[in-house]
Protein chains: 2
Amino acid sequence: MDIAALKDAHPDHWQKACAIRVLTLDAVAAANSGHSGMPMGMADVATVLFEKHLKFDAANPGWPDRDRFILSAGHGSMLLYSLLHLTGSPDMTLEQLKDFRQLGSITAGHPEYGHAMGVETTTGPLGQGIANAVGFAIAEEHLRATWGPKIVDHYTYCIAGDGCLMEGVSQEAIALAGRQQLSRLIVLWDDNGITIDGKVALADITDQKMRFQASGWNVLECDGHDPEAIDAALTAAKSSDRPTMIACKTHIALGSSAQDTSKGHGALTDAQLIADTRAAYGWEHGPFEIPAGIKSAWEAIGARGAADRAEWDARLAALSDRKRAEFARAQSGELPKKLAKALRDYRAQLVADAPKVATRSASEMALNVINPILTETLGGSADLTGSNNTKSKEMTVFEPGNRKGRYIHYGVREHGMAAAMNGIALHGGVRPYGGTFMCFTDYARPSMRLSALMGVPVVYVMTHDSIGLGEDGPTHQPVEHLAMLRATPNTLVFRPADAVETAEAWELALQQTGTPSVLALSRQGLPTLRKVAKPANLTAGGAYVLAEAEAKRQAVLMATGSEVAVAMAARDLLEAEGIGTRVVSMPCMELFARADEKYRRKVLPSGAVRVGIEAGVQQGWDRWLCGERGREAKAGFIGMDSFGASAPAGELFEHFGITAAATAEKVKSLL
Amino acid sequence: MDIAALKDAHPDHWQKACAIRVLTLDAVAAANSGHSGMPMGMADVATVLFEKHLKFDAANPGWPDRDRFILSAGHGSMLLYSLLHLTGSPDMTLEQLKDFRQLGSITAGHPEYGHAMGVETTTGPLGQGIANAVGFAIAEEHLRATWGPKIVDHYTYCIAGDGCLMEGVSQEAIALAGRQQLSRLIVLWDDNGITIDGKVALADITDQKMRFQASGWNVLECDGHDPEAIDAALTAAKSSDRPTMIACKTHIALGSSAQDTSKGHGALTDAQLIADTRAAYGWEHGPFEIPAGIKSAWEAIGARGAADRAEWDARLAALSDRKRAEFARAQSGELPKKLAKALRDYRAQLVADAPKVATRSASEMALNVINPILTETLGGSADLTGSNNTKSKEMTVFEPGNRKGRYIHYGVREHGMAAAMNGIALHGGVRPYGGTFMCFTDYARPSMRLSALMGVPVVYVMTHDSIGLGEDGPTHQPVEHLAMLRATPNTLVFRPADAVETAEAWELALQQTGTPSVLALSRQGLPTLRKVAKPANLTAGGAYVLAEAEAKRQAVLMATGSEVAVAMAARDLLEAEGIGTRVVSMPCMELFARADEKYRRKVLPSGAVRVGIEAGVQQGWDRWLCGERGREAKAGFIGMDSFGASAPAGELFEHFGITAAATAEKVKSLL
């Protein structure tokens, strides 16, 4: 690459882009780890994007109508941190760059949402960012239709690398975006031909342009080091009626001796290499030293959107008080005040009616109460709408001709759905939920982990939550999934026992602002077990006494979901033999763990035999079986220790011994 | 669709295909559940494939050189079961079809590997079959190069539906197959335009033919109900130098009133609909009744390959005794006799040398011993070769010009890699292993579950197994993953503490014939802790006493992997204070759980304080902390209860309190 020619052709541009490159070299050298090559390769593209196109106001990184910039190739985090520092983002000080990848800094190895302002999403696990970006663009389309373009009118830009495009989730994202004609989505592909193992061609010969075209994208290309070509491509992309992919031909680790090699992907820390590269750049300043002229040019870019932002503020202020308050409420994630009462009334009605319904149907019933009030929900399913019961009565389908639609057909794309929901939630102003079979949390898993890590309150509606699914067999029967989800930090796993608990779980899930929730719902019908309507949401405690012992208490049965009815039936058997038995419904272990110790001890007193019942593996139950303060009682577990089988559900519960009789026997063997 | 015209044009063909259709209708009606539409739509394609192209001998479903037939659209299981029954597969009786989806039958809702002969892989979770098929085709290419075309020379056929192609893993599979020019792979796309939620176009407008072409495939199309067109396409596909996708335009639920609708996807059980459909077909026989003429025509198809198979037997018999024995050994999964001695000698050398190495490096060292002896291994990595240390010295790269190569660059495709490895293992004759970062087990998860469900001995080499990964931060630091994997039935999770245990873990993983293994390996260097070389593989017991208490035993520390060294250092601190402390290394909880109770009680005696140490969540440890027979001692845990952070590894262990000092304090607080 002829660096001199690049410099000479666009000297001002060169200086600005060069600032990104040297800050990257300096930060990676200081950390002695990181990824130098990507920021060095994409600095020109990013510079043009920020200078000429991205709508943002560096002083106000939270401006709701900003363009979103998603760095899907998250290992190139120094690109983003450099841009934030140079443009003057409030918290991205030079000290933070010097503390790149150090404990307590906001400059983690990969961009972490919630650490630095301006980091729109956590990236690093490849392919996530581009799939998040689809969600951001969906949210924008929906909100623009809902609030009008005076309030919502922006683009989503995403830089994706070869690794992102090799990950399968990218295909799900690309196809969904193409179908939805998300014309405000612009993906900049860092086409550098290099991955960690060597040339991309070692593992891939895909014609990416053709691949995007096949899914209905507008495809452009440019020399990723030519600012005029980049600008022209971005300009063209913005006027397309379809999502645009711009193939930016770049040189990884531009200008270094590691240029165009896999070595250049990683940390360039060799002092001589760094010195040689700076010399090639004609950069004569010290480490972390940005000349005032270059910094001020960047700060001017950072301030470019301030007037736009002020005008937007004025337009927002011009809305009616009611609308403005509603906009602020939806942005904050706060629930409408009347939702609590509506749900309370609905729960009371359920107790009165005592329907026998699958909790997946109960979830739909709850959504029929929630969605007309909480109008910012965006529901959906990965092609299991009728099974997941995620489409409430009034919902229409979100599509190019109906952007106000609140229901998304995600297709058979659990992973893409979860990643898009993360993007929708991160955008703000909307509340996404989506469904698939519980077993296929496996497919969505990488994005579900990121929901938890980022703390975004996505609601996963996971139906067919056990062998109760029946004939579809072991591939479709979750066994280990509750344990997996419970093992994940910052995730609420609800497994409601009846329609009342399902409504309570929905309420709690929607109350979260920093935690995703999973609703594990039955395929099969379950009786209403709650006998008394109370104003309080009993699921909020995580576990509660559903039925007290009548005879002297000798046993405590703990169960979740469909097995609470098993516990109740076992209680009948035991009480008939004079064995006093308490039944504890435990719809959310995480909330129970958070409850105060006094409450926990009240629900699970010592001195009685404890048996846990759940049609899943035991892992995760021991804390409650052993007792938190040492083994407080003999304990046992009724559940699964193998994969399931294909047969009618009732036969499976018998076959695997998850029955009232087996539970009663277990209790008696422990007494 | 003009059924009469189809019948008239090819009456013999029609009868045969019709037999599949009515058996499907009958079995689904008997089960009152299942998926009718796909077998009804693809019966013509399958009939032509089996009649004219597929190399198989129904009487010998295990013939190693048979063509493989993979039903990726696994919900259409009755297509496969019908074909197996009609062609005369030994165990697929009519009774089994009548017991479709019933407990104890071999005709599960989705095809389950190991249930019926002729089911090459478990499918149902969409996209898995097509990705398995890539693995089958890789195995065939490699074995053909290794053994010559007289012994190995076959095709892999795969039927995939719209759902399979929407799943991201299909893109990983398609791109890998295209890069590898797997010309013996032929995918038949059931292009019926329908998914569960409705028309495919609801969620996808992808031009699938263009998409496959973009990844280097040969693409053909045909009317999926015209046997001549199907035959011509298959004939053309077989002579391509690239993998072929044939777009078969079909009508789901052909000939029924549910044809071309999403209703037709599911269970057609309405008696009138079934009667009407049979009438439209001109099928005048009772339920499950196949006229003798049609059955014998099908059985002739089943016997078509018998002569081929006999000739193949003769060619195999003509091999030298040594080669024939070696072929049989590799097929059986048995290890070469000399491997055990080589590994024993290697372990003794390690004890003598006591290297301080990361267990990922120790894994490479072990592979340098294993791979020259176990020559059927096929290694690989999802673009992290240098980090996963999966490429041993003598390995060359598997690619079109070097089919004998034993190392696969899978690309940034953890999911596709895992699914391909399932296919490679299922093919037989080869032993796949592959690596990525432990955290990205998330991406591979759906296929890892299927490894366990099917019982295929794939070895997952998962490096960078904790916060010890350091600066890359929480997106790359596993916390919950050990618990997730341990929650999964039939999975061995090894977390070796040093180079000796790493070699032992490899040996045990390779000894498995019905269970996948995960090796959780450190990024950071670890000391050799084993002080005495023993012939026995101590990891085989799952846990063992690494260091006995010197003073009177008051504490037992249990740890895995990098935390065993922490336990040893804590023991030093405690012994210095006169607190006798045993250290138990626990490299594989599953094997420890399988060990006899006497051994378990010997390793974990009651009466001493127990502390578990692992840089992961506590879930999964309670069984050993509580004690299996009730709380046998006070217990505590040192580990993680949140996501990690970005910082140098040493600082992170301090920050999260996973240190010898914290462990010693915990013990003292419990005494």
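Here the structure is a predicted model, which means the values were calculated and not measured. Order of the sequence lines fixes the chain letters, A, B, ..., with proteins taken first and strands second; residue numbering starts at 1 for each chain.
Residue B:P111: no heavy atom, backbone or side chain, is found under 4.5 Å from chain A. Residue B:Q180 does not touch chain A at all, counting heavy-atom pairs closer than 4.5 Å. Contact of A:H35 with chain B is made through the side chain alone, with heavy-atom distances under 4.5 Å. For chain B, no part of A:T441 is nearby; none of its heavy atoms comes within less than 4.5 Å. B:E112 touches chain A through its side chain: at least one heavy atom from C-beta onward sits under 4.5 Å away, while N, CA, C and O do not. When heavy atoms are compared at a cutoff of 4.5 Å, B:A173 does not approach chain A at all. The contact between B:Y410 and chain A is made entirely by backbone atoms, counting heavy-atom distances below 4.5 Å. In this structure, the portion of A:A201 lying under 4.5 Å from any heavy atom of chain B is its backbone and not its side chain. In this structure, the portion of A:T122 lying under 4.5 Å from any heavy atom of chain B is its side chain and not its backbone. Residue contact with chain B, scored on non-hydrogen atoms closer than 4.5 Å, involves the side chain of A:S33 exclusively. Looking at B:S262, there are no atoms closer than 4.5 Å to chain A (heavy atoms on both sides), in backbone or side chain. Contact of B:I408 with chain A is not made at all, since no heavy-atom distance falls under 4.5 Å. In this structure, chain B has a heavy atom under 4.5 Å from the side chain of A:C439, while its backbone stays farther away. Only the side chain of B:L652 comes within contact range of chain A, with heavy atoms under 4.5 Å apart. B:H110 touches chain A through backbone and side chain together, each having a heavy atom under 4.5 Å away. For B:V617, the part lying near chain A is the side chain, with the backbone staying farther off; criterion is any non-hydrogen pair under 4.5 Å. Both the backbone and the side chain of A:F643 come within contact range of chain B, each with at least one heavy atom under 4.5 Å from a heavy atom of that chain. Both the backbone and the side chain of A:A175 come within contact range of chain B, each with at least one heavy atom under 4.5 Å from a heavy atom of that chain. Contact of A:H481 with chain B is made through the side chain alone, with heavy-atom distances under 4.5 Å. Contact of B:S642 with chain A is made through the backbone alone, with heavy-atom distances under 4.5 Å.
For the set A:G109, A:G168, A:A647, A:P489, the entry with the most heavy-atom pairs within less than 4.5 Å of chain B is A:P489. Annotation: maximal heavy-atom pairing with chain B below 4.5 Å, among A:G386, A:A452, A:S387, A:G616, occurs at A:A452. Taking A:M640, A:E414, A:Q208 one by one and counting their heavy-atom pairs under 4.5 Å with chain B, the maximum is reached by A:E414. Comparing B:R211, B:Q213, B:E471 by how many heavy-atom pairs each has under 4.5 Å with chain A, the most go to B:E471. Each of A:A203, A:G74, A:S170 has some count of heavy-atom pairs under 4.5 Å with chain B, and the biggest count is that of A:A203.
Counting only heavy atoms from C-beta outward, the side chains of B:D207 and A:M210 never approach each other to under 4.5 Å. Contact of the B:Q171 side chain with the A:E167 side chain is not registered, since no non-hydrogen atoms from C-beta on lie closer than 4.5 Å. For the pair A:D622 and B:Q619, the minimum side-chain heavy-atom distance is 4.5 Å or more. When side chains are defined from C-beta on, B:E172 does not count as touching A:M166, because their heavy atoms never get closer than 4.5 Å. By the 4.5 Å heavy-atom criterion applied to side chains, A:R449 and B:E480 are counted as neighbours. Annotation: side chain of A:R445 is in contact with side chain of B:M484 (closest heavy-atom distance under 4.5 Å). Considering only heavy atoms from C-beta on, A:Q477 stays 4.5 Å or farther from B:L453 through its side chain. In this structure, the side chains of B:L450 and A:T475 come closer than 4.5 Å at one or more pairs of heavy atoms.
Between the side chain of B:Y443 and the backbone N or O of A:V169, no donor-acceptor pair lies under 3.5 Å. Although no hydrogens or angles enter the test, the distance criterion places a donor-acceptor pair under 3.5 Å between the side chain of B:D383 and the main chain of A:I196.
A:T206 OG1 to B:W217 CH2: the interatomic distance, rounded to the nearest 0.5 Å, is 11.5 Å. Rounding to the nearest 0.5 angstrom, the gap separating the CG atom in B:D442 from the OG atom in A:S447 is 9.5 Å. Rounding to the nearest 0.5 Å places CZ of B:R179 at 7.0 Å from CD1 of A:I205. For the atom pair CG of B:D197 and CG of A:L384, the computed distance is 7.0 Å after rounding to the nearest 0.5 Å. Here CD of A:E654 is found 11.0 Å from CG of B:L103. Values are rounded to the nearest 0.5 Å.
Crowding of B:E651 atom CD: a count of heavy atoms from other residues, nucleotides or ligands under 6.0 Å exceeding 12.
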